[in-house]
Amino acid sequence: MARLVMKFGGTSVADVERIRNVASHVKREVDAGNEVAVVVSAMAGTTNQLVAWARETASVHDAREYDTVVATGEQVTVGLLAIELQRIGVSARSWLGWQIPIRTDNAHGAARITEVNGDALVERLSQGQVAVIAGFQGLAPDNRITTLGRGGSDTSAVAIAAAIKADRCDIYTDVDGVYTTDPRIVAKARKLDKISYEEMLEMASLGAKVLQTRSVELAMVHRVRLQVRSSFEAPDAPRLSGPEAIVPGTLVCDEEEIVEQQVVSGIAYSKDEAKVTLVKVADKPGVAARVFGPLADNSINVDMIIQNVSEDGKSTDITFTVPQAELARAEDVIRKAQPEIGCDEIRTDTDVVKVSIIGIGMRSHAGVAKTMFETLASKGINILAITTSEIKVSVLIASEYSELAVRALHTAYGLDGQ
Ligand code: ADP
Ligand code: ASP
Ligand code: MG
């Protein structure tokens, strides 16, 4: 017997028919003698609709009320799944975030989990009841509902798995695992049997939305065995049960568990970037601090930074990137600081994409970045900014080249399947 957390994303619970399919996956594990906690997302498209309604009502709105609205999608799916499980003879009860409770900080819209009390859940599981838990929801210190940021149900699932000491946390989604890159844009992407926590963390934070970044962070800290697999495979395949299951999807695990390590394991892209260029900034000490100080004071995350000589040869241009969602705020902050910075002009560009290569093999191999730059050059793709860390290299390019770049790099690093 094992204790399992099974998480199903939006497309897996998109309508009643799919919820029935989810219920049969759950029944399979229950019939095999396992204790099961299920975490579900809202039906596909629901959260987008709720966000759109909040924005339509007022483009700038109270984040607490935003959470009150967007948290509702998950209440529908937990109720429906509990009803369906009961219908097919499986004892089940729904749980909203506040009923567990899943405690968070008060950063509404992107709250961080601070504590999950798993006692009540463990008690019910031991009685043979399936716990059907609303993903994405939390409870702030002042007892208001919070949400965990888009894609947050993954994080709910991992946090629950850690709290109830589950043997495994299975993330069921619309692809059958983690691929070398997004299989929706590269047909030759290959499914990985295993990926290290470190690489998955980079992949997620650099744009591969198959897992929310925080869910990987939490899994790494609490050593949760995390699997990504398809909810569309036959629910009754017997080899999929139990703690020692043959992994049909991708296991996220310690790097020591991975035998064959590629230099580059995956490629990610993010269209969520915006580029800001400050034209003709005085070339003297202290200027960078005057630019980036106010941005940091306003909690605006700056990612890539480059500084080069202006056209006049006397001053310098400073270019940096921020998340697109924060561009308006960043522009505002820079405009206010402009007299002190003393730049001529502020230019912004949202038609950019960040493409990244990721692999722990980079730690011990030279020349990895060179292949990236040569490959992009051979396709005539201009690099606007570069940033590196120990296990990744990211470049910013014009968004029109994003698919061409990802495909060319996928081939260049030998990742293509058939
Ligand atoms: P869910 O609704 O189940 O949470 P998501 O849409 O959040 O599903 O995540 C699954 C999607 O992630 C896939 O449909 C796929 O397009 C995308 N994706 C991006 N990069 C990858 C990758 N490297 N491997 C697998 N899927 C990826
Ligand atoms: N329903 C939420 C969203 O769409 C959470 C999730 O799906 O993980 O972002
Ligand atoms: Mg998701």
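Just so you know, ligand 1 is whichever comes first in the structure, and atom 1 is the first atom listed for that ligand. For the single chain, residues carry numbers from 1 onward in sequence order.
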Ignoring angles and geometry beyond distance, decide whether Val178 reaches within less than 3.5 Å of ligand 1 through its nitrogen or oxygen atoms. no
Heavy atom of Pro183 under 4.0 Å from ligand 1? yes
Backbone N or O of Ile306 within a donor-acceptor pair of the Thr319 side chain at under 3.5 Å? no
Heavy atoms only: give me the nearest Ser156-Phe136 pair and the separation to one decimal. OG-N, 2.8 Å
Please work out, at 4.0 Å between heavy atoms, whether the side chain, the backbone, both, or neither of Val210 comes within that distance of ligand 1. both
Indicate yes or no: at least one non-hydrogen side-chain atom of Phe292 is less than 4.5 angstrom from one of Ile305. yes
Determine whether the side chain, the backbone, both or neither of Ile171 has a heavy atom under 4.0 Å from any heavy atom of ligand 1. neither
min-distance protein heavy atom vs atom 2 (O) of ligand 1 -> Gly10 N, 3.2 Å
Which heavy atom of the protein is the closest neighbour of atom 7 (O) of ligand 1, given with residue, atom name and distance? Lys209 O, 3.5 Å
Ion pair check, Glu198 and Arg363, cut-off under 4.0 Å: no
One should read off an interatomic distance between Met200 CE and Ser215 OG, to the nearest 0.5 angstrom, of 7.5 Å
Using heavy atoms and a strict 4.0 Å limit, residues surrounding ligand 2 turn out to be Ser41, Ala42, Thr47, Glu74, Phe136, Arg150, Gly151, Gly152, Ser153
Give the residue, atom name and distance (to 0.1 Å) of the protein heavy atom nearest atom 21 (C) of ligand 1. Asp182 CA, 3.7 Å
Looking at ligand 1, does Met203 have a heavy atom less than 4.0 Å from it? yes
Would you say the side-chain atoms of Asp105 and Thr114 include a donor-acceptor pair closer than 3.5 Å? no
For Arg184, is there an ion pair with Asp182 - N to carboxylate O distance below 4.0 angstrom? no
Residue, atom name and distance, where the atom is the protein heavy atom closest to atom 24 (N) of ligand 1: Tyr179 N, 2.9 Å
Identity and distance of the protein heavy atom lying nearest atom 11 (C) of ligand 1: Asp174 OD1, 3.9 Å
Student check: side-chain heavy atoms of Val216 and Met203 closer than 4.5 Å: no
Closest contact, heavy atoms only, Asp67 versus His108: OD2-ND1, 2.9 Å
Residue and atom name of the nearest protein heavy atom (relative to atom 3 (O) of ligand 1), distance in Å to one decimal: Thr173 OG1, 2.6 Å
If you apply the rule side chain to side chain contact (heavy atoms under 4.5 Å, CB included), what do you find for Gln86 with Arg93, and how did you get there? CA-CA 9 Å; Gln86 291 169 3; Arg93 184 57 67 209; 3.7 Å; yes
Are any side-chain N or O atoms of Glu199 and backbone N or O atoms of Ile358, one a donor and one an acceptor, separated by less than 3.5 Å? no
With a 6.0 Å cut-off (strictly less than), is the heavy-atom count around CZ of Arg64, excluding the residue itself, greater than 12? no
Polar contacts were defined as any N/O atom of the residue lying under 3.5 Å from an N/O atom of the ligand; does this apply to Thr180 and ligand 1? no
Where is the tightest heavy-atom contact between Ala157 and Lys7, given as atom of each residue plus distance? CB-CB, 3.6 Å
Which residue and heavy atom of the protein sit nearest atom 4 (O) of ligand 1, plus the separation: Lys7 NZ, 3.2 Å
Atom 25 (C) of ligand 1 sits nearest the protein heavy atom Gly177 O, 3.4 Å
